[in-house]
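A short worksheet on the structure shown next.
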Amino acid sequence: MTIKISESFQLIADAAGLSKRAWAFAEGSVVAAAGPFGLQCWSFGSHADALTVALESPLTTPYVGISCWRKFDTPPTANTWILQVNNATVTGSVPSSSSAHGGLRGAGNTDITVFRGNGAIVTTLSNALTLGAWQHFEWRHYIHNTVGTIELWIDGIHQPDADVLGDASDSGSVTSVGFNGNVDGATSFIADVIIAQHATQPVERTGVARIHTLLPDGDSANTAWTGGFANVDDPLGASDGAATVVSSNVLNAKQDYTFADLPETPSSVLAVVVETEASKDVVGTVGMTPYVNSNTVEAAGAEATLATAFGHASSIFVTNPDGGAAWTPAAVNAVIAGHEITTL
């Protein structure tokens with residue numbers, strides 16, 4: 001499975017080396033907001049406000065999975081996409097009705113209309129929305145016009161009336177997923193978006209998934225850089241830039257940290273993502289590689305080529321390098337993570 005998780009404005013590739021993809025915002029009045037569990041939350045103030053996420057491109061019969069949390073304080077209007085799989089080119093555009101492979105749309109009340117592609121309605125789920133409350137949506141979709149499938153869970157409960165087996169798509173390749181705000185301009189919210197995609201086999205279920213951001217709370221064994229953890233414990237989206245940093249000009253220099261524990265004990269862990277904001281102040285190529293260390297077993301992520309302006313570097317670790325199995329909450333709480341200068 002290709003699963004990508006982000007706590008910031010980027011969609012991060014897995015260890016197979018797939019290209020990084022950026023979030024694309026249509027920003028009329030998109031602003032960061034307090035989420036149900038952490039930092040990955042934005043509010044939409046109009047229908048023009050949208051979030052579109054580019055997928056690996058282009059696949060004509062892919063398997064796609066979407067996990068997200070949404071909150072509507074007023075009923076989403078009929079053209080509001082709660083979530084959508086799309087075949088249109090996206091660069092911050094509002095999700096389109098005519099190019100949708102499928103998705104969930106508001107109905108002007110607490111009902112949700114389920115689409116299977118190109119405006120074809122599967123069903124309308126009566127009173128599926130709880131206004132003013134965060135709800136989790138999980139959508140699994142095999143894009144195919146004769147043997148396709150659609151499955152939907154709301155707050156972890158399967159919605160069999162939304163199931164499709166057969167024509168689950170319009171024509172064209174899948175390029176993105178999208179979400180947008182209310183046509184009437186009422187505020188709505190989106191948080192903790194997780195995207196999965198695979199070309200040849202179904203993606204795994206995420207369940208009612210949450211994203212937790214764990215900040216450095218101490219220095220670990222490698223302290224070759226100047227400065228310590230207190231210089232790099234800024235929450236994502238609230239970096240103070242060059243005001244407090246760690247720095248090094250030595251090839252293969254490592255710096256790593258311990259982290260705060262998970263705020264809850266989940267039943268399972270989908271992945272660990274190491275996220276860093278970094279820059280260079282020298283001429284020439286500089287590469288920095290994030291890594292994790294679990295019970296003394298280290299795994300390196302993808303090298304990021306740094307620019308003179310601060311940029312975002314991330315790597316996803318779907319399995320624990322200590323044994324190669326899924327992460328456990330205890331292993332996450334004990335993990336060490338850091339960064340190494342790998343090109344200079």
Side-chain angles (χ1 to χ4, degrees), residues 5-10 12 15 20 32 34-35 37-40 211-265 269 271-317 320-322 327-344:
I5 303 174
S6 178
E7 181 66 30
S8 70
F9 288 4
Q10 283 189 320
I12 306 306
K20 294 179 181 177
F37 315 111
L39 300 176
Q40 183 176 305
I211 297 176
H212 288 300
T213 301
L214 308 179
L215 299 177
D217 65 358
D219 294 309
S220 191
N222 293 304
T223 56
W225 295 39
T226 300
F229 83 93
N231 288 6
V232 292
D233 61 353
D234 304 334
L236 290 170
S239 170
D240 61 10
T244 58
V245 298
V246 295
S247 61
S248 177
N249 62 357
V250 178
L251 183 64
N252 301 130
K254 287 185 173 183
Q255 183 90 358
D256 47 41
Y257 316 96
T258 60
F259 290 82
D261 287 351
L262 290 164
E264 61 181 349
T265 302
V269 179
V272 169
V273 182
V274 179
E275 310 238 18
T276 308
E277 293 182 60
S279 67
K280 68 172 185 176
D281 61 2
V282 297
V283 176
T285 302
V286 178
M288 183 193 71
T289 300
Y291 62 89
V292 293
N293 186 308
S294 178
N295 193 29
T296 74
V297 180
E298 188 173 296
E303 184 183 67
T305 301
L306 304 185
T308 53
F310 275 92
H312 198 77
S314 304
S315 284
I316 185 169
F317 301 88
N320 185 342
D322 181 21
W327 291 92
T328 65
V332 173
N333 289 340
V335 75
I336 294 166
H339 34 81
E340 177 182 4
I341 296 178
T342 46
T343 301
L344 184 62

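Just so it is clear, the model here is predicted, and its values are computed rather than measured.
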field: Shortest non-hydrogen separation from Val292 to Pro321 and the atoms involved
entry: CG2-CG, 4.1 Å
field: CG-NE2 distance between Asp261 and His212, expressed to the nearest 0.5 angstrom
entry: 12.0 Å
- prompt: Does Glu340 have any side chain to side chain donor-acceptor pair (under 3.5 Å) partners at least two apart in sequence or in another chain, and if so, which?
  reply: Asn252
query: Above 12 or not: heavy atoms from other molecules or residues under 6.0 Å from CG of Asn249?
result: no
field: Partner set under side chain to side chain donor-acceptor pair (under 3.5 Å) for Lys254, not counting sequence neighbours
entry: Glu298
task: Please name the pair of heavy atoms, one in Ile316 and one in Val273, separated by the smallest distance, quoted to 0.1 Å.
output: CG1-CG2, 3.8 Å
message: What's the separation between atom OG1 in Thr296 and atom CG in Asp322, rounded to the nearest 0.5 Å?
response: 7.0 Å
Qualifying side-chain hydrogen bond (donor to acceptor under 3.5 Å, both in side chains) pairs, either residue in residues 219-232, two or more places apart: Asn222-Asp256
- prompt: Would you say the side-chain atoms of Gln255 pair up with the backbone N or O of Ala224, donor to acceptor, closer than 3.5 Å?
  reply: yes
message: Has Asn333 got a side-chain atom pairing as donor or acceptor with Leu262's backbone, closer than 3.5 angstrom?
response: yes
Tyr257: ring pair (Phe, Tyr, Trp, His ring centres under 6.0 Å) partners, not counting sequence neighbours: His339
field: Separation of Asp233 CG from Leu215 CG (nearest 0.5 Å)
entry: 6.5 Å
message: Before you tell me yes or no, could you show the steps for Val269 and Thr328 under side chain to side chain contact (heavy atoms under 4.5 Å, CB included), namely the whole-Å CA-CA distance, both residues' side-chain angles and the distance that decides it to 0.1 Å?
response: CA-CA 6 Å; Val269 179; Thr328 65; over 6 Å; no
query: Which value, rounded to the nearest 0.5 Å, describes the distance between Phe259 atom CZ and Phe229 atom CZ?
result: 11.0 Å
message: How long is the straight-line distance from CG of Leu306 back to CE of Met288, given to the nearest 0.5 Å?
response: 5.5 Å
query: Between Gly228 and Val246, what is the shortest heavy-atom contact and its length?
result: O-CG1, 3.6 Å
field: Closest approach of Val274 to Gly338 (non-hydrogen atoms, all atoms of both residues)
entry: CG1-O, 4.4 Å
field: Shortest non-hydrogen contact from Thr289 toward Gly301
entry: CG2-O, 3.4 Å
- request: State which residues pass side chain to side chain donor-acceptor pair (under 3.5 Å) with Asp281; sequence neighbours excluded, sorted by chain then number.
  value: none
field: Any donor-acceptor N/O pair, Ser294 side chain to Val297 backbone, under 3.5 Å
entry: no
query: Among all residues two or more places apart in sequence or in another chain, which pass the side chain to side chain donor-acceptor pair (under 3.5 Å) test with Thr305?
result: none
